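These values consider heavy atoms only, across backbone and side chains, with no hydrogens, waters or symmetry-generated copies. Only a predicted model underlies this, so the values are computations on that prediction, with no experimental measurement involved. By convention in this document, chain letters (A, B, ...) are assigned in the order of the sequence lines, proteins followed by strands, and residues within each chain are numbered from 1.
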2 protein chains.
Amino acid sequence: MGKPTTKDLAKAAGVSLATIDRVLNARLGVRQSTVERVQKAIKEIGFVRDMAAANLARSKEYRLVFLLPDHDDEFIDLVQGAIAEANMSMAHERTNVSIIRAPSNNPHQIAFVLDNLSAEDVDGVAIMAPETPQVRDSIARLDARGITVVAFVSHQLTAQTPCYVGINNEAAGRTVGQLMGRFTGERHGSILVLTESMQSRDSQERRLGFDSIMAKYAPRLRVCASMENYGDPVRAAKIVKAALSAQQDVVGIYLMNHDIRETMQTIIAQGTPKETIIIGHELTPQTRAQLVEGTMDAVITQDVGHMVRSSIRLLRAKAAGVETLASQERIRVEIILRENMPEES
Amino acid sequence: MGKPTTKDLAKAAGVSLATIDRVLNARLGVRQSTVERVQKAIKEIGFVRDMAAANLARSKEYRLVFLLPDHDDEFIDLVQGAIAEANMSMAHERTNVSIIRAPSNNPHQIAFVLDNLSAEDVDGVAIMAPETPQVRDSIARLDARGITVVAFVSHQLTAQTPCYVGINNEAAGRTVGQLMGRFTGERHGSILVLTESMQSRDSQERRLGFDSIMAKYAPRLRVCASMENYGDPVRAAKIVKAALSAQQDVVGIYLMNHDIRETMQTIIAQGTPKETIIIGHELTPQTRAQLVEGTMDAVITQDVGHMVRSSIRLLRAKAAGVETLASQERIRVEIILRENMPEES
DNA sequence: GTAGAAGTGATGTACGTGCCTCAAAAACTT
DNA sequence: AAGTTTTTGAGGCACGTACATCACTTCTAC
């Protein structure tokens, strides 16, 4: 005979199906002694409930939301594409994912958007936003309202510590360090580090990891202070130009943030010795092209599709109160060279 | 109102549920004109069927089988672990995965095992076995019996070309080549290539990719002919010892097969200059340890858990006659250094 | 040549899958 | 007896399936 069902359980515990249901869903209105009797029966007959059937009966749709920055760069595009794709394949699994945008440099606005999410309309939110007190508090309120939260790409420090779906940024920095050390051969010189901002925890962690490895394995190289462009293309170009003129011995460049359009353009326009090693983050159409033509040497990336699906699974599981397969959710720090570049989308 | 259901479809098409069902499952006994009417209605109201409910109603379990080699090495262990883990989390989704072992060096035995699989007991098979005519024919017979097949890790050439779940081995070889060229700096010397056997297509592809990159980017290095150990530990040790004594200028070693226990042991015992770059395949407890202690410099790997889950999804989808999300199933050629090594299991 | 039997293909009916839920009954409290 | 708490029953979610039904053909016998 097959797996035990609620019916078998009911018989085994000597109660009705409805009571079983209340115990399974930890709802109240069941005497403690009955709860225990049922739980004993569950263990005895080895009952595992069929969540597919449960969701069907509940005729419940999981409504999930991704909160993304409202500016458009290639990385956000990738994320949006991955969400759209996931949404397609999740339609079968009664899950509906939507996207909300909010200006990433305005914590109050983000908090406002989050606070306006009602448990009536939404079961879970994946938040991609800088780590600010306002957002932290909003997350706490979401949690209080029974909306589950995961931090997407960027960490969020909260009391309830929502899951973080993204790479270990220190490991990413260390990996870049190791590659930079190896790829520059035995050359001496300085390394430029370009970033959007060192304010964010992610940047700090990457830098930390990078420095630790550079100090340990490539002391011959001088790592310059991080240069911030604050997301301003003009400033980005100016900084790079100035740095390349000032430093004649640049042997490597670490592009720490993912939006590198202007930066790379300027570097190429300015011209660098062809041995200059350039390593950046995130596999986008831009970095792909750069890898192919050899202007970039390596890209450290996280699988965006995987992250999106992982977030969805986590949110669904948390919303349904189910365990998840942790190993499947771990996001790897991937190294992409020209040779192992996956085919496009 | 929510998604359209079969009931809505039936009304829209002006037929009963049973007819809808017949059309959806491409069963016979429906007039062509009716089929067309239903299909038109499907498109019109945008019907997508709820596979969860379908499977529930069918009260069907997908019974899948992995055919693995019957010898035990660390890679097989990983695969078995991943299967066990997947089995746990798939229990909810009415899927049951089991493992069958067969000697990988005996094609007739493998064919025999496959031929004994009945469509009564099994819906799909993931085959990890060398590419032989016997297995090819067995796959054709499986297909004829209505059992779906995917090739797991190793390619299988068949008329029906079953899906292959595994990495692009040529890309893997190219990636090793690029790393080898980079990591050896500007040094000159020779590169050893050690493998179990060059008979298999996978090995040939890896070698091809490796050679192409070495020739192009590191002509200063001399790549030696592949040395085969035929899976024999004693022979493996002897070969390595001989090679290292004969070649005084070894700057890099490419370990092409995944079972490298004796080989690495011998290399370490024999002693090589510490700058010798050693690159191998598959992240196992062994290669992890080697990476940590610095005796290996990089490992090219495929995510075993991902591959197992991917195979399961593919088999289920094919067995159910459903489309799959291709991008999710693509297996990446992963580069693992000490710095980006994922935590164990 | 036609009524009737028998056969064939197309379509519908009713109930089942494992679980949830609402209303109503039963078992306890005060 | 009224008020609570606990339990039950019946019906539903979106779909599948054995069996029943219906409309035609084809064949036989008169």
Report task. Take atom NZ of K7(A) and atom P of dG11(D), then tell me their distance rounded to the nearest Å. Result -> 14 Å
Query raised in the report: Angle class for the H155(A)/Y164(A) ring planes (parallel below 30°, perpendicular above 60°, tilted otherwise)?
Result: parallel
Query raised in the report: Taking OP1 and OP2 of dA14(D), is either one under 4.0 Å from a side-chain nitrogen or oxygen of T6(B)?
Result: no
Requested in this report: State plainly whether the residues R49(A) and D21(A) are in salt-bridge range, i.e. N to O under 4.0 Å.
Outcome: no
**Report entry** Proximity to DNA chain D (any heavy atom under 4.0 Å), residues of residues 34-44 of chain B only
**Finding:** none
Query - Short side-chain to backbone donor-acceptor contact, N116(A) and V113(A), under 3.5 Å - result: no
Report summary line: Rounded to whole Å, CG of D8(A) lies from P of dT17(C) at a distance of 11 Å
Query - R141(B)-S138(B) side chain donor-acceptor pair, cut-off 3.5 Å - result: yes
Report task. Of all the heavy-atom pairs spanning A10(A) and S16(A), show the shortest one and how long it is. Result -> CB-C, 4.1 Å
Query raised in the report: Is there a donor in the side chain of R145(B) and an acceptor in the side chain of S118(B), or the other way round, less than 3.5 Å apart?
Result: no
Report summary line: note: D50(A), atom CG; dG18(C), atom P; distance rounded to Å ~ 8 Å
Query raised in the report: Ion pair present between R136(A) and E131(A), side-chain N to carboxylate O less than 4.0 angstrom?
Result: no
Report task. Would you name the heavy atoms of I76(B) and R101(B) that are closest together and state the gap between them? Result -> CG2-NH2, 3.6 Å
Query raised in the report: So, is R49(A) close to the dG18(C) phosphate, meaning a side-chain N or O under 4.0 Å from OP1 or OP2?
Result: no
Query raised in the report: Mapping G14(B) and A53(B) to their closest nucleotides on DNA chain C, which lands nearer the 5' end?
Result: G14(B)
Report summary line: Looking only at dA14(D), dG16(D), dC19(C), the nucleotide nearest the A54(A) side chain is dC19(C)
Report task. Taking only the side-chain heavy atoms of F47(B) (C-beta and beyond), determine which of dC15(D), dC19(C), dA10(C) contains the nearest atom. Result -> dC15(D)
Query raised in the report: Any donor-acceptor pair under 3.5 Å linking the side chain of T6(B) with the backbone of I20(B)?
Result: no
Query raised in the report: Expressed in angstrom and rounded to an integer, what is the separation of D21(A) atom CG from dC22(C) atom C1'?
Result: 12 Å
Query raised in the report: Does the distance from a Lys or Arg side-chain N to an Asp or Glu carboxylate O, for D303(A) and R332(B), drop under 4.0 Å?
Result: yes
Query raised in the report: Between Y62(B) and D123(B), what is the shortest heavy-atom contact and its length?
Result: CA-OD2, 3.3 Å
**Report entry** Between P of dT6(D) and CD of Q32(A), the distance in whole Å
**Finding:** 10 Å
Requested in this report: Please state how far atom CG in L28(A) lies from atom P in dT6(D), giving the value in whole angstrom units.
Outcome: 9 Å
Query raised in the report: Roughly, in whole Å, what's the span from CD1 in I20(A) to P in dT8(D)?
Result: 9 Å
Query - Interatomic distance where CG belongs to L9(A) and P belongs to dT17(C) [whole Å] - result: 16 Å
Using a cut-off of under 3.5 Å, enumerate the N/O to N/O pairs linking the protein to nucleotides 13-15 of chain C.
none

Query raised in the report: Does OP1 or OP2 of dT11(C) have a side-chain N or O of R31(B) closer than 4.0 Å?
Result: yes
Query raised in the report: Does R58(A) make a side-chain N or O approach to OP1 or OP2 of dC20(C) shorter than 4.0 Å?
Result: yes
Query - Terminal axes of the helix from dG1(C)-dC30(D) to dT30(C)-dA1(D) (five pairs each): angle between them, nearest 10 degrees - result: 60°
Query - Donor-acceptor under 3.5 Å (E85(B) side chain, Q80(B) main chain) - result: no
Report task. Measure from the side chain of A57(A), starting at C-beta and using heavy atoms only, and say which of dC19(C), dG16(D), dA10(C) lies closest. Result -> dC19(C)
